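Both backbone and side-chain heavy atoms feed into the values below; hydrogens, waters and symmetry mates do not. By convention in this document, chain letters (A, B, ...) are assigned in the order of the sequence lines, proteins followed by strands, and residues within each chain are numbered from 1. Just so we're clear, the structure is a prediction, and the values are computed from it rather than from any experiment.
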Amino acid sequence: MISTSGTDVNSSSNDPPKSLGEEERVFFRKALLKWYRLNARDLPWRKTRDPYAILVSEMMLQQTQVATARDYYERFLKRFPTVRDLAAADETDVLTAWAGLGYYRRARLLHAAAITISEKHAGDFPASLDLLRALPGVGDYTAGALASFVFDTPAALVDANVSRVFARLHALCEPTKTSSSKKHLWKWAEELLSRRQPRLYNNALMELGALVCTPANPRCVQCPVISVCRAHASGLVTRLPVLPATIAPVPLYYAGVALVCGEKLFLRQISEGGWHAGMWEFPKFSCETLPTKPPRALRNFVHSLTPHYAFEVQPHDFRYSVTHHRITLRMWIVRVDPESTPACLPEGEWLTMQNLKNRPLPSPQKRIGKWVAQHALMDSLP
DNA sequence: TACGCGTGGGA
DNA sequence: TTCCCAAGCGT
């Protein structure tokens, strides 16, 4: 089911969007940089020129908001202070440090990039745009960000902020994700880039998108470049950028079980190929609809571990999303008799809450862990 | 090329 | 409550 968001911006003239003139460009750079000097946020990755720290921040910030990434950034660098520390780390430890941030492939790619830098570049950060672009997890945006933020070389970049600012600035009346739009956006990014201060300029451009030229309720009154904004001139600001059709969410249901044996909980590692591959979870089973009682597969699973157990009557629901899937996971607590020495399936382990901290758990599973600790491990909490 | 991949904050 | 969408990348 496809639904379109927003009404069409009727560009009856199919003229391609035009670049700013030279005078406008000069003004744009100057006004933007002046605004940034007065309004820049104090962000931890802006205080350093350590290439490795900036790489970590850029990987974390891919599709992730500043407020979310901030704490992870500090913790990650404490855990893996240098590129060699990260290169030498176990993937499980890297994933554990990343757990909760989402898009876990990024963690593996960052790990791979650290190994590449350590082994192929002898620990020295590659300085050319091409070599940066060749690092695992580094695409066009991140290569431009690293080149300009680390080395202050005049490399253009386009991210969601820049796309939005430029779509409005140039009154781009087609979705920013089309290949035609991307071409325009990168061309504009090259044309407008400050060759003198690429680092400051790129930061400023993204900051404008984050603080002023926001997706909803843009603060045009505060905008330093409103005088050259074509969307503002044509009253199109709230209708740009044009968003692509959105995919309707698909509901999914699972029944899960928190097996409690003394102070230990049964968790299993998620198999490769699907969501959260390689991370850990409480066993769960796919259902057609939201189950009102523990489904057979779940009961059989519990019984395969031990015949000495008892279901707690009241389940608890956890809701979360993975891309366009809306998931409801109904969790039952099952107490296992500690005297019965339950089995341990090859893909799972009985873990204490302390053990659990050293395993990578996706966010919903962390929430479940807290819930179980509160409801079923009261006696064993410190 | 279009799609899949997580999560949390704000409206 | 629900929806939107964010410092994208790899395949």
**Student:** Counting side-chain heavy atoms from CB outward, which of C:dA6, B:dT1, B:dT7 is closest to A:S179?
**Tutor:**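 The nucleotide sitting nearest to the side chain is B:dT1.
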**Student:** Determine, for A:F301 and A:R268, whether the Lys NZ or Arg CZ falls below 6.0 Å from the six-membered ring centre while staying within 45 degrees of the axis.
**Tutor:**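 Yes, A:R268 lies over the aromatic ring of A:F301.
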**Student:** Would you call A:R359-A:E281 a salt bridge at under 4.0 Å N-O?
**Tutor:**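 Between A:E281 and A:R359 there is no salt bridge, as every charged N stays at least 4.0 Å from the carboxylate O atoms.
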**Student:** Please check if any side-chain donor atom of A:S271 sits under 3.5 Å from a side-chain acceptor atom of A:E347, or the reverse.
**Tutor:**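 There is no such pair between these side chains.
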**Student:** Side-chain contact test, heavy atoms from C-beta onward, threshold under 4.5 Å: evaluate it for A:H303 versus A:Y309 and give yes or no.
**Tutor:**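 Yes, close enough: below the 4.5 Å cut-off.
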**Student:** If you find the nucleotide of DNA chain B closest to A:P362 and the one closest to A:A216, which residue's nucleotide is nearer the 5' end?
**Tutor:**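 Mapping each residue to its closest nucleotide by heavy atoms, the 5'-most match is A:P362.
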**Student:** Counting only distance, no hydrogens or angles, is the base of C:dG8 paired donor-acceptor with the side chain of A:T64 under 3.5 Å?
**Tutor:**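 Between C:dG8 and A:T64, which were checked side chain against base, a qualifying N/O pair under 3.5 Å is absent.
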**Student:** With a non-hydrogen cut-off below 4.0 angstrom, is A:W45 in contact with a base, only sugar-phosphate, or nothing?
**Tutor:**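 Base: the residue A:W45, judged by heavy atoms under 4.0 Å, touches a nucleobase.
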**Student:** Reading DNA chain B from 5' onward, which residue's closest nucleotide shows up sooner: A:K177 or A:A277?
**Tutor:**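 On the 5' side of the pair lies A:K177.
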**Student:** Check the distance between C:dT11's C1' and A:D140's CG and give it to me in whole angstrom.
**Tutor:**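 Atom-to-atom, A:D140 to C:dT11, this comes out as 15 Å.
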**Student:** How many Å lie between CZ on A:R70 and C1' on B:dG8, as a whole number?
**Tutor:**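 Roughly 16 Å, once rounded to whole Å.
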**Student:** Between A:R25 and A:E22, does any NZ, NE, NH1 or NH2 come within less than 4.0 Å of an OD or OE carboxylate oxygen?
**Tutor:**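 A:R25 and A:E22: salt-bridged.
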**Student:** Do NZ/NE/NH1/NH2 and the carboxylate oxygens of A:D93 and A:R79 come within less than 4.0 Å?
**Tutor:**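 So A:D93 pairs with A:R79 through a salt bridge.
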**Student:** Which nucleotide in the set B:dG8, B:dT7, C:dG8 lies at the smallest distance from any side-chain heavy atom of A:Q65?
**Tutor:**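 In terms of side-chain proximity for A:Q65, the closest of B:dG8, B:dT7, C:dG8 is B:dG8.
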**Student:** For A:L43, report the nucleic acid contact type (base, sugar-phosphate, nothing); a contact means any heavy atom under 4.0 Å.
**Tutor:**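 Base: the residue A:L43, judged by heavy atoms under 4.0 Å, touches a nucleobase.
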**Student:** Between atom CH2 in A:W98 and atom P in B:dG6, what is the gap in whole Å?
**Tutor:**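 It works out to 12 Å between those atoms.
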**Student:** Do A:D317 and A:L290 have side-chain heavy atoms sitting under 4.5 Å apart?
**Tutor:**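 Answer yes - side chains close enough.
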**Student:** With a 4.0 Å cut-off on heavy atoms, is A:A67 in touch with a base, just the backbone sugar-phosphate, or nothing at all?
**Tutor:**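 Touches nothing.
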**Student:** Any stems for DNA chain B, made of 3 or more Watson-Crick or G-U pairs in a row, each with both distances under 3.5 Å?
**Tutor:**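 Counting only runs of 3 or more consecutive pairs, the stems involving DNA chain B are B:2-5 with C:8-11, B:7-11 with C:2-6.
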**Student:** Taking C:dA7 as the reference, what is the distance to B:dA11 when you measure between their P atoms (whole Å, please)?
**Tutor:**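 That atom pair is separated by 15 Å.
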**Student:** Is it the case that more than 12 heavy atoms not belonging to A:R49 sit under 6.0 Å from its CZ atom?
**Tutor:**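 Yes, the 6.0 Å shell around CZ holds more than 12 heavy atoms from other groups.
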**Student:** In whole Å, what is the span from the CD atom of A:Q62 to the P atom of B:dG6?
**Tutor:**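 So the two atoms are 13 Å apart, to the nearest Å.
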**Student:** Figure out the CZ/P separation between A:F318 and B:dT7, and round it to whole Å.
**Tutor:**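 Distance, rounded to whole Å: 14 Å.
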**Student:** Regarding A:R164, tell me which of base, sugar-phosphate or nothing describes its non-hydrogen contacts under 4.0 Å with the strands shown.
**Tutor:**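 Sugar-phosphate: the residue A:R164, judged by heavy atoms under 4.0 Å, touches backbone atoms but no base.
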**Student:** Would a 4.5 Å heavy-atom cut-off, applied to side chains only, mark A:V138 and A:E58 as touching?
**Tutor:**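 Not in contact.
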**Student:** Distance check needed: B:dG8 P versus A:M60 CE, whole Å only.
**Tutor:**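 Distance, rounded to whole Å: 14 Å.
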**Student:** From the options C:dC5, C:dA7, B:dA11, select the nucleotide whose nearest atom is closest to the side chain of A:D159.
**Tutor:**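 Closest nucleotide among those given: C:dA7.
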**Student:** Rounded off to whole Å, could you give me the CG-to-P distance for the A:L109 and B:dG6 pair?
**Tutor:**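 So the CG-P distance, A:L109 to B:dG6, works out to 12 Å.
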**Student:** Need one value for A:V138: base, sugar-phosphate or nothing, where a base atom within 4.0 Å counts as base even if backbone is also close, heavy atoms only.
**Tutor:**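 Since only primed, P, OP1 and OP2 atoms lie under 4.0 Å of A:V138, the category is sugar-phosphate.
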**Student:** Would you give the length of the straight line joining atom CD of A:E24 to atom CZ of A:F28, rounded to the nearest 0.5 angstrom?
**Tutor:**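 That separation rounds to 11.0 Å.
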**Student:** Within the structure shown, what part of the strands sits under 4.0 Å from A:L157 by heavy-atom distance: base, sugar-phosphate, or nothing?
**Tutor:**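 Counting heavy atoms under 4.0 Å across all strands, no contact is made by A:L157.
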**Student:** Just to be sure I understand the rule, does A:G100 reach a base, reach only the sugar-phosphate, or reach nothing, if contact means heavy atoms closer than 4.0 Å?
**Tutor:**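 A:G100: backbone/sugar contact only, no base atoms under 4.0 Å.
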**Student:** Would you find a donor on one side and an acceptor on the other, under 3.5 Å apart, between the side chain of A:T306 and the backbone of A:H308?
**Tutor:**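 Yes, A:T306 side chain to A:H308 backbone: donor-acceptor pair under 3.5 Å.
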**Student:** Quick check: on DNA chain C, is the nucleotide nearest A:R41 upstream (toward 5') of the one nearest A:G137, or the reverse? Name the residue that is more 5'.
**Tutor:**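 The residue mapped nearer the 5' terminus is A:R41.
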**Student:** Which of these nucleotides, B:dG9, B:dT7, C:dA7, is closest to any side-chain atom of A:L61?
**Tutor:**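 The answer is C:dA7, which lies nearest to the side chain.
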**Student:** For nucleotides C:dT11 and B:dG6, find the distance between their P atoms and express it as a whole number of Å.
**Tutor:**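 My reading of the P atoms in C:dT11 and B:dG6 gives 15 Å.
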**Student:** Rounded to the nearest 0.5 Å, how far apart are CG of A:L157 and OH of A:Y141?
**Tutor:**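 Output value for this atom pair is 5.5 Å.
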**Student:** Please state how far atom CE in A:M59 lies from atom P in C:dC9, giving the value in whole angstrom units.
**Tutor:**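 Computing the A:M59:CE to C:dC9:P distance gives 8 Å.
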**Student:** Enumerate all atom pairs, one protein N or O and one N or O from nucleotides 3-5 of chain B, separated by less than 3.5 Å.
**Tutor:**
{"unit_1": "B:dG4", "atom_1": "N2", "unit_2": "A:R105", "atom_2": "NH2", "d": "2.2"}
{"unit_1": "B:dC5", "atom_1": "OP1", "unit_2": "A:W275", "atom_2": "NE1", "d": "2.7"}
{"unit_1": "B:dC5", "atom_1": "OP2", "unit_2": "A:W275", "atom_2": "NE1", "d": "2.9"}
{"unit_1": "B:dC5", "atom_1": "O5'", "unit_2": "A:W275", "atom_2": "NE1", "d": "3.3"}

**Student:** Just call it for A:P249: base, sugar-phosphate, or nothing, with non-hydrogen atoms closer than 4.0 Å on any strand.
**Tutor:**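 No contact at all - A:P249 keeps every heavy atom at 4.0 Å or more from the nucleic acid.
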**Student:** Want to settle it: does A:L135 or A:V66 sit nearer the 5' end of DNA chain C, counting the closest nucleotide to each?
**Tutor:**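 It is A:V66 whose nearest nucleotide is closer to the 5' end.
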**Student:** Distance check: side-chain N/O of A:T142 vs OP1/OP2 of C:dC9, anything under 4.0 Å?
**Tutor:**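 Checking A:T142 against C:dC9: at least one side-chain N or O falls below 4.0 Å of OP1 or OP2.
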**Student:** C:dC3, OP1 or OP2 - any side-chain N/O from A:R326 closer than 4.0 Å?
**Tutor:**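 It does, given that an N or O in the side chain of A:R326 lies less than 4.0 Å from OP1 or OP2 of C:dC3.
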